[in-house]
2 protein chains.
Amino acid sequence: MPDEGQLEIQEAREKILATATDLFAKQGYDSTSLSQVAREAKVSKALIFWHFDSKDELYRSALRRTLEPYFINVNELTGLGEREQVERLIDQFYDFIHTNVYSVRFFLSLTLRVEQSPDEGLSRVLELYRSFRNSLADIIDSGRRRGVFCSDVDASREAGLIMAALGGILIQQFMSDPSSNEPAALIEHLKQTLFQRLTANGAEGTHAGRPE
Amino acid sequence: MPDEGQLEIQEAREKILATATDLFAKQGYDSTSLSQVAREAKVSKALIFWHFDSKDELYRSALRRTLEPYFINVNELTGLGEREQVERLIDQFYDFIHTNVYSVRFFLSLTLRVEQSPDEGLSRVLELYRSFRNSLADIIDSGRRRGVFCSDVDASREAGLIMAALGGILIQQFMSDPSSNEPAALIEHLKQTLFQRLTANGAEGTHAGRPE
DNA sequence: GTCTATATACAGATAGAC
DNA sequence: GTCTATCTGTATATAGAC
């Protein structure tokens, strides 16, 4: 078994990958040169090419690594009520954003590029986003059918609006100084108004009756 | 008056500026080379340097030009009621986004860069965003004081949530194929639920009374 | 004002010694 | 595996003719 020896000697590759992941996330693909990666990882450019065939492959590896923590997020919402499940999901989203600020910023800026590349990694993120949205819709609809929420609730639209608000709170954090409009308060307000609406069984009954 | 002759001869400069504005908006700063600008504007690279001292100055000029349409947006909401004013503002925002997709995308990606440059143009956009948010808050608060909206409405938070939703709807358009979740429906739903909440005078009175 | 030609720097990538 | 040295392309920017 002569292979055992090379298991942990790959610290250089690790260093390169970590540095590249960081720089790509912070600066984007074009603005990050392999010279810079080599300099900050304290290796030679040639070594980068020994481990990764091209800048593109290095980028893809970095993407894959950035993406990893995105999949622990499978929701274990066992015996909770619908309202608690929705709250839990919203909090999970918010927490996730905060522990992954850099990569979220990364993927968001990827989304904005007009490049034609379908970008395997990016599509996984979008897929994740949609599945998150669908989970919300399912839970809300389940609550509607079980009578926990109003009968006239459009689960799909509610989920869409929640996602929009969450996404908007996200970019607000990128735009303003983090101190300004504290997103935690917005999240609270979002939840508060959401359930106020979902459970507003009194009022005028089918009060939302406008000419659709 | 020997100066009059040179008034419209600067079509080359115009061409350069227009091309650069377009390319910067579509591809960003780094991915746009002056060679490309020169090629597409059908001038020589040297001419670009005659008109603009550096790539950076060209970029700033392009930014300024991109920014221009952002200021016609002064709201003329004369004799409208508060509800109509809010609706009008939301629609204005939405329309504006749609007629300026490219530059909005541009500024959004600018926001995401970690570059240290305060970027004169970008700060104007942020300022605009805040003033828009403040207008919303003012109108809502005015409506609250005049009894059009509930007395327990927190105008600032409502405005923040509206802006978050609008921003979220915006990035949803960048993320998904434009056909998927049609933002127009989301805007409708936003408005509907918003006013449902702002004018929900019946229900349980100070129903929102949770331990703050 | 507009061009051609060129200087200079740095990008991604390769060859080959150790 | 890691390095130095080098190739090749292209970037920003300048010099100087017209």
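The sequence lines fix the lettering, A, B, ..., with proteins before strands; numbering per chain opens at 1.
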Would you tabulate the side-chain donor-acceptor contacts of residues 77-84 of chain A under 3.5 Å, counting partners in other chains and residues two or more places apart, or write 'none'?
unit_1: A:Glu82; atom_1: OE1; unit_2: A:Arg146; atom_2: NH1; d: 2.7
unit_1: A:Glu82; atom_1: OE2; unit_2: A:Ser142; atom_2: OG; d: 2.7
unit_1: A:Glu82; atom_1: OE2; unit_2: A:Arg146; atom_2: NH1; d: 2.8

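- A:Arg60 places none of its side-chain heavy atoms less than 4.5 Å from the side chain of A:Phe52.
- Between A:Asp91 and A:Arg88 there is no salt bridge, since no side-chain nitrogen of the basic residue lies less than 4.0 Å from a carboxylate oxygen of the acidic one.
- Every residue meeting the ring pair (Phe, Tyr, Trp, His ring centres under 6.0 Å) condition with A:Phe107, not counting sequence neighbours, appears here in chain and number order: A:Tyr70.
- Inter-residue side-chain proximity for B:Ile97 and B:Leu166 is flagged as unmet; no heavy-atom pair is nearer than 4.5 Å.
- Using a 30° and 60° split on the angle between ring planes, A:Phe24 and A:Tyr29 fall in the parallel class, below 30°.
- A:Phe49 places its CZ atom 16 Å from the C1' atom of D:dG1, with the value rounded to the nearest Å.
- Mapping A:Asp53 and B:Trp50 onto DNA chain C by nearest heavy atom places B:Trp50 closer to the 5' end of the strand.
- Atoms CZ (A:Phe52) and P (D:dT2) sit 11 Å apart, rounded to a whole Å.
- Heavy-atom nearest nucleotides on DNA chain C were determined for B:Lys42 and for A:Ser54, and the one closer to the 5' end corresponds to B:Lys42.
- We find that CG of A:Asp56 is positioned 15 Å from C1' of C:dA11, with the value rounded to whole Å.
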Grab the N/O contacts between the protein and nucleotides 4-11 of chain D below 3.5 Å, and write none if there aren't any.
unit_1: D:dA11; atom_1: OP2; unit_2: B:Ser35; atom_2: OG; d: 3.2

